[in-house]
2 protein chains.
Amino acid sequence: MADEKPEPGRRLPRAQRREQILAAATEAFARSGFAATGLDEIATEAGITRVILYRHFDSKTNLYQAILDRMCARLDAHLEEPVGGFTDASTDGLLRAAVESPAGFRLLFQHAVREPEFKERIEKFRADITAAAYLQISAVVPDEALARWAAQLAPVVAIEAIIAWLDAGQPDPARAAARVRQAVTGVIGAAVSSDVDCTLLHSANVEGPPS
Amino acid sequence: MADEKPEPGRRLPRAQRREQILAAATEAFARSGFAATGLDEIATEAGITRVILYRHFDSKTNLYQAILDRMCARLDAHLEEPVGGFTDASTDGLLRAAVESPAGFRLLFQHAVREPEFKERIEKFRADITAAAYLQISAVVPDEALARWAAQLAPVVAIEAIIAWLDAGQPDPARAAARVRQAVTGVIGAAVSSDVDCTLLHSANVEGPPS
DNA sequence: CCGCTTGTTGACTTCAACGTATACATATGC
DNA sequence: GCATATGTATACGTTGAAGTCAACAAGCGG
C-alpha cells in the first residue's frame, strides 16, 4: 500500500505542478465532495505539503472553483456546437469528457450539483440539456407534468449511464454512446405510456433539428 | 419569507419533539449532506435551540445515524419480502418509501451513499438490488462487463426516476411504478445490443423466479 | 558561483462548529 | 402548590481545519 507517488524525485516546473495538484484534488474531491475533503488530504495525495498548495491557489474555494471551471471548459469544448438538442453529438461529447477525466465528471455531477455554493455554475448545463430534452419529449408526451418528469430524468440517466460505464471498466467503447442513447430512449419510452410498445420510441429518437 | 414554524406555541411531549427534530434534520441534511449542514441550521429549522438537540441526540453523528436507520427501516418495511430479485414488488416498495419521506429518500441515495463514514449502512441495499439485477441481466447479456454495467445502472435509474418523479410533483401516481419499471427495462435493453429491437426486452421482464 | 524558484518543516493564528454548563422561565401532572 | 420535564438564553470550553509565517534546503539557469 505505498501511497501514490507521482514524483519520487521532487521538483516540478510551476505549470506542471499546478496541473498535478488539480488532478490530485479532483480525485480527492470526487470521493467526498468539497466540505468533507481536507487540504492535507489533497496535499498528501499530490505528494506535497499544504503550504505549497497556497503558492498555487489562494484558498480551498479557489482551488475547487478552478477544478470546476476546468471541467466545465472541457464539457464546453466537447459540446461546442450549440447545445440545441439532446442529440447524438451531446451524448458523444459527454462521453468523451467523461473518458478524459472520470473523476472530474463524477465531481461535477455527483457532488458539485448538490453543493449550494457551487451548483449554479453547473446548473447551466443541466438546464440547457433539460430544456432541450423537454422540447423533444413534449412532442411525444402530451401530459405536461409527465413531460417534465422525463425531461428531468433523461439527462440524469445519460450521466449515470456514463458513470456506471466508467465503473464497469469502459466495456465496448465503440458502442457505448449508442447504448447510453438507447438507455435514454428507453426512459423516454416510459413516459409515453406504460402500455405502448417500445418500437414507437424509435420515431422519437433524435437526429437534431431537421435541416 | 417567514421561517417555517411548526410550533408557534412551544412545548411538545418528548417523543413528538424527537420526531419533529428528525423530520427537520432530514430536510436539512437532504439539502447539503452531513458535513455541510450545521446543527444551528437544523435547530432553527426545527424551531428550537441547539441545546435542545442535545437532550434528544448525543451528537451530530448520532442524529444522522438515527435518520439513516429510520429510513433504512422504512425501506426494510416496504421490501420486507426477500429482496430476491429486481421485481415489481421492489419498485413498488421503493416508491412507497419515497412518497412517505422524499427528503429521506434523497438523503439516502444522493448524499449518504457518497459519504464514506455512512455509506456502508446503505451499501447493503444497493448490493442486494444490484446482485439481483445482475442475475436477471446476465441471463440476457452474455458479455460480463456489459452485464455488470447494466446491473449497476438499473437500480440507480430506478432511484433517479423516482426522485425525478417526486420533483415533477408525483404525476399519475397510479402508473408511476409501471413507468419506473419500464425505464429500467429500457436501460437493460440498452445493454442487450444497440441493434436489437426493444420488444425482445419484454421477455427479460420480471415476474420473480419461475416457481 | 549566485540568485531565483520550488520545496520542506514546524510553529503559529483564526475561526467556525461541535459540544457543555448554568441559570432562569413556564407548562403539566400529581 | 410543587416537582418534574420542556424550553430559552447566554456564555464557555474544545477541537479540527483553514490559512499564515519564517527559516532552511536544494535544484537549475545564468
Side-chain angles (χ1 to χ4, degrees), chain A residues 3-29 31-68 111 115-118, chain B residues 3-29 31-68 111 115-118:
Chain A
D3 297 356
E4 293 115 38
K5 300 195 163 137
E7 28 34 282
R10 344 201 270 235
R11 262 185 95 155
L12 282 191
R14 183 170 176 82
Q16 196 170 331
R17 178 63 79 189
R18 187 189 151 95
E19 283 306 304
Q20 191 218 341
I21 291 175
L22 283 172
T26 303
E27 296 285 337
F29 279 132
R31 284 198 298 271
S32 314
F34 180 73
T37 305
L39 288 181
D40 287 305
E41 194 181 336
I42 294 171
T44 302
E45 187 142 339
I48 57 174
T49 323
R50 203 170 71 255
V51 178
I52 284 296
L53 276 186
Y54 285 98
R55 296 213 226 196
H56 291 268
F57 302 93
D58 292 343
S59 68
K60 189 188 183 185
T61 300
N62 203 350
L63 168 60
Y64 200 66
Q65 305 267 36
I67 293 172
L68 261 39
H111 291 279
E115 289 158 354
E117 273 188 81
F118 305 104
Chain B
D3 296 355
E4 293 117 37
K5 301 196 163 140
E7 28 34 278
R10 343 202 271 231
R11 257 181 102 160
L12 283 190
R14 184 170 177 83
Q16 197 171 332
R17 178 64 80 189
R18 187 188 152 96
E19 283 307 303
Q20 191 218 339
I21 291 175
L22 283 172
T26 302
E27 295 285 337
F29 280 132
R31 283 197 299 270
S32 314
F34 180 73
T37 305
L39 288 181
D40 287 305
E41 194 181 336
I42 294 172
T44 302
E45 187 142 341
I48 56 173
T49 323
R50 204 170 72 260
V51 178
I52 286 294
L53 276 186
Y54 285 99
R55 295 210 211 172
H56 292 268
F57 302 93
D58 292 343
S59 68
K60 188 186 183 185
T61 300
N62 203 349
L63 169 60
Y64 200 65
Q65 304 267 37
I67 294 172
L68 263 39
H111 291 279
E115 288 159 354
E117 273 187 82
F118 305 104

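Basis for what follows: all heavy atoms, side chains included, without hydrogens, waters or symmetry-related copies. Order of the sequence lines fixes the chain letters, A, B, ..., with proteins taken first and strands second; residue numbering starts at 1 for each chain. Given the structure is predicted, the values throughout are model-derived calculations rather than measurements.
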Next on the checklist: Using modelled atom types and a 3.5 Å cut-off, is there a donor and acceptor pairing between side-chain atoms of B:Lys60 and backbone atoms of B:Gly38?
Outcome noted: no
Checklist outcome for this item: Between A:Arg31 and A:Glu41 the two heavy atoms that sit nearest each other are NH2-OE2, 3.5 Å
Checklist outcome for this item: Heavy-atom closest pair (B:Phe29 atom, B:His111 atom, distance to 0.1 Å) is O-CD2, 4.1 Å
Checklist entry - Of all heavy-atom pairs between B:Phe57 and B:Asn62, which one has the smallest distance, and what is that distance? => result C-ND2, 4.4 Å
Checklist entry - Over how many whole Å does the gap from A:Arg14 atom CZ to D:dC28 atom P extend? => result 18 Å
Next on the checklist: Check this one for me: any side-chain N or O of B:Arg17 less than 4.0 Å away from OP1 or OP2 of D:dG7?
Outcome noted: yes
Item to check | Contact residues, residues 49-65 of chain B to DNA chain C [heavy atom, < 4.0 Å] | outcome: B:Arg50, B:Val51, B:Tyr54, B:Ser59, B:Lys60
Item to check | Boundaries of the chain A footprint along DNA chain C (any atom under 4.0 Å from a heavy atom) | outcome: C:dT5 to C:dG10
Checklist entry - What are the two closest heavy atoms between B:Leu39 and B:Leu53, and how far apart are they? => result O-CD1, 3.7 Å
Item to check | Atom of A:Ala28, atom of A:Thr37 and distance for their closest heavy-atom approach | outcome: O-OG1, 3.7 Å
Item to check | Closest approach of A:Ala43 to A:Thr49 (non-hydrogen atoms, all atoms of both residues) | outcome: CB-C, 3.7 Å
Checklist entry - Ignoring hydrogens and geometry, is there a side-chain-to-backbone donor-acceptor pair from A:Glu115 to A:Phe34 under 3.5 Å? => result yes
